[in-house]
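Below you'll find the structure, written out as structure tokens, and then a few comments.
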Amino acid sequence: MVLSATELTNLPQLLPPRGMELVACGSCLPQSVVSNALLSSRVDTNDDWIRDRTGIGSRRIASEADSLTSLASDAAQAALDLAGWRAEDLDLILLATSSPDDLFGTAPRIQAVLGADRAVAFDLTAACSGFLFALITAAQFIRGGSMDKVLVIGADLLSRWVDWDDRRTCVLFGDGAGAVALQACPAEQDGLVAFRMRSDGQRNSCLTLARSGARLPLVGDLSREVGGFGTIAMNGQEVYKFAVREVPLVLADLLEQAGLGAEQLDWLLLHQANQRILDAVADRFAVPRERVLTNLAAYGNTSAATIPLMLDEAVRDGRIRPGHLIASSGFGAGLSWGGALLRWSGPPP
Ligand code: UT7
């Protein structure tokens, strides 16, 4: 069939509207556990301070045998298995990470491990907002009609970039990977009910992992910068204030967009940065504690991985069930933040 110029222009309107549904998830954590007590043997801190101020009790740290590629590939394979998909069916693998194995992109390595030969694979960097930003980005390809089956992965090994002598930051972070499988569906089943993405570069200096900037002579008068990065630097109090202000605003915006009330939410699934932030947001919307998902105590802040890790845990233990409405928000370096109202579909029967 040959389409006229007018038909081509109107093609998006001619096609039936599409949505994307969340059908499966997977996760992978390194084996090594570093408790608060163990960490106290390295820096001047203690279990009481860390638990009181953050809710964190331990974190997982990647061993020599682990890599971002291996953890992310295992999480992705678990999501494929739950969905009952073959890797060859995938159109896209989108990896949200700030700690790649290769600065040129780690997603293609994951593609190779999975054997997803038909897929295009690339990285997206937005720190702790990365997973939600990637999920929302992937949904646009699906809704637009160019892709049917997508894996979105959130994975970080921030243990690589933490200053392990800085007690203000090293107690917070851990390593991990999580993934979700998304597929096209009719618009009325769309699992991305509402979303919002924000960033504010004016406040970039609040949380950085900046290039180290050392220079070496090159030729003549010229010098060149040596590639490399420093360690994570954070103004904790500023980031805390930012999170407790912006996350409720973005969630209120989402509920308004969707015409829903907070009492209709089944779950609050926030980026796992600090239990006090989770509690403050829950209180703002009067969401009871039993509907606030948290695994901070076991894993700490795994950056881009926190939301899919938590999702996977709650799906596999039966808390999140098909049809449940989840309010999610990611926030962190950039500064960046965002949110999404998600409807969980679950794997095909
Ligand atoms: O995913 C990215 C998003 N990041 C975040 O959401 C992090 C947001 N910020 C926070 O979660 C909190 O600001 C922190 C948990 C990082 C810090 O908690 P805080 O209540 O803001 O503590 P603070 O920085 O005001 O420090 C209070 C005291 C200080 O001692 P002095 O100056 O009052 O004597 C710190 O030196 O606690 C001290 N301190 C510690 N003490 C024991 C800081 N870190 C530690 C520690 N152990 N690990």
Side-chain angles (χ1 to χ4, degrees), residues 17-23 25 96 126 128-140 142-143 152 154 180 182 185-200 239-296 304 306-311 313-315 319-332 334-346:
R18 304 198 335 159
M20 73 91 189
E21 56 184 352
L22 296 123
V23 294
C25 48
C128 301
S129 310
F131 174 76
L132 271 191
F133 283 17
L135 179 77
I136 293 162
T137 303
Q140 309 314 310
I142 295 175
R143 285 173 166 181
V152 176
V180 291
L182 313 176
C185 66
E188 54 277 13
Q189 278 161 241
D190 198 353
L192 183 59
V193 178
F195 70 87
R196 181 71 74 209
M197 296 189 288
R198 302 288 308 278
S199 50
D200 178 5
V239 177
Y240 187 92
K241 282 188 271 177
F242 145 76
V244 295
R245 180 184 147 74
E246 301 294 356
V247 173
L249 288 176
V250 92
L251 291 180
D253 182 4
L254 296 180
L255 289 169
E256 195 186 324
Q257 273 184 52
L260 294 168
E263 69 288 351
Q264 289 168 277
L265 298 173
D266 292 294
W267 300 106
L268 197 54
L269 170 42
L270 305 182
H271 167 51
Q272 309 278 301
N274 186 321
Q275 189 62 43
R276 288 188 292 146
I277 296 176
L278 271 55
D279 292 345
V281 176
D283 288 346
R284 159 71 180 75
F285 292 97
V287 175
R289 289 292 185 276
E290 60 273 17
R291 285 201 263 134
V292 181
L293 293 168
T294 173
N295 59 11
L296 262 167
T306 62
I307 292 172
L309 262 180
M310 186 66 251
L311 177 79
E313 187 181 317
V315 164
R319 276 177 288 174
I320 295 181
R321 294 195 302 276
H324 277 185
L325 184 65
I326 305 164
S328 188
S329 176
F331 52 89
L335 294 179
S336 63
W337 67 104
L341 278 187
L342 304 168
R343 183 80 65 185
W344 177 252
S345 286

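Here the structure is a predicted model, which is why all the values come from computation and not from measurement.
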Review point. In terms of ring plane angle, is the pair His324 and Trp267 parallel, tilted or perpendicular, where the classes change at 30° and 60°?
Key: tilted
Quick check against the 3.5 Å criterion: does [X] have a side-chain atom that pairs as donor or acceptor with the backbone of [Y]?
{"X": "Gln264", "Y": "Gly261", "result": "yes"}
{"X": "Arg343", "Y": "Val193", "result": "no"}
{"X": "Ser129", "Y": "Ser336", "result": "yes"}
{"X": "Asp266", "Y": "Ile326", "result": "no"}

Revision key, fill the gap. Leu341 and Ala258 have their tightest heavy-atom pair at CD1-CB, 3.6 Å
Review point. Of the non-hydrogen atoms in Glu263 and Arg291, which two are nearest, and what is the gap between them?
Key: O-NH1, 4.0 Å
Practice item. Please lay out, stage by stage, how Arg245 and Trp337 fare under the test side-chain contact (heavy atoms from CB on, under 4.5 Å). Key: CA-CA 11 Å; Arg245 180 184 147 74; Trp337 67 104; over 6 Å; no
**Study point:** Partners meeting ring-ring contact (aromatic ring centres under 6.0 Å, His included) with Phe133 (sequence neighbours left out)
**Key:** none
Exercise for review: Identify which one of Ile307, Leu296, Leu309 satisfies the side-chain contact (heavy atoms from CB on, under 4.5 Å) criterion when paired with Gln272.
Suggested key: Leu296
Check your understanding: Under 4.5 Å between any side-chain heavy atoms of Leu132 and Phe195, yes or no?
Key -> no
Check your understanding: Any side-chain heavy atom of Leu192 sitting closer than 4.5 Å to one from Arg143?
Key -> yes
Point to revise | Criterion side-chain contact (heavy atoms from CB on, under 4.5 Å) on Met20 and Asp190, from CA distance to verdict | key: CA-CA 5 Å; Met20 73 91 189; Asp190 198 353; 4.0 Å; yes
Practice item. Mind running side-chain contact (heavy atoms from CB on, under 4.5 Å) on Leu342 and Leu311 for me, showing each step along the way? Key: CA-CA 11 Å; Leu342 304 168; Leu311 177 79; over 6 Å; no
Would you mind writing out the side-chain donor-acceptor pairs for residues 273-281 within the sub-3.5 Å range, not counting sequence neighbours?
residue : atom : partner : partner atom : Å
Asn274  : OD1  : Arg276  : N            : 2.8
Asn274  : ND2  : Arg53   : O            : 2.9
Gln275  : OE1  : Thr294  : OG1          : 2.8
Gln275  : NE2  : Asp279  : OD1          : 3.0
Arg276  : NE   : Arg53   : O            : 2.9
Arg276  : NH2  : Arg53   : O            : 3.2
Asp279  : OD1  : Arg289  : NE           : 3.3

Point to revise | Spacing of Ser328 atom OG and Leu265 atom CG [to the nearest 0.5 Å] | key: 11.0 Å
Check your understanding: Near Glu188 CD, under 6.0 Å, is it more than 12 heavy atoms from other residues, nucleotides or ligands?
Key -> yes
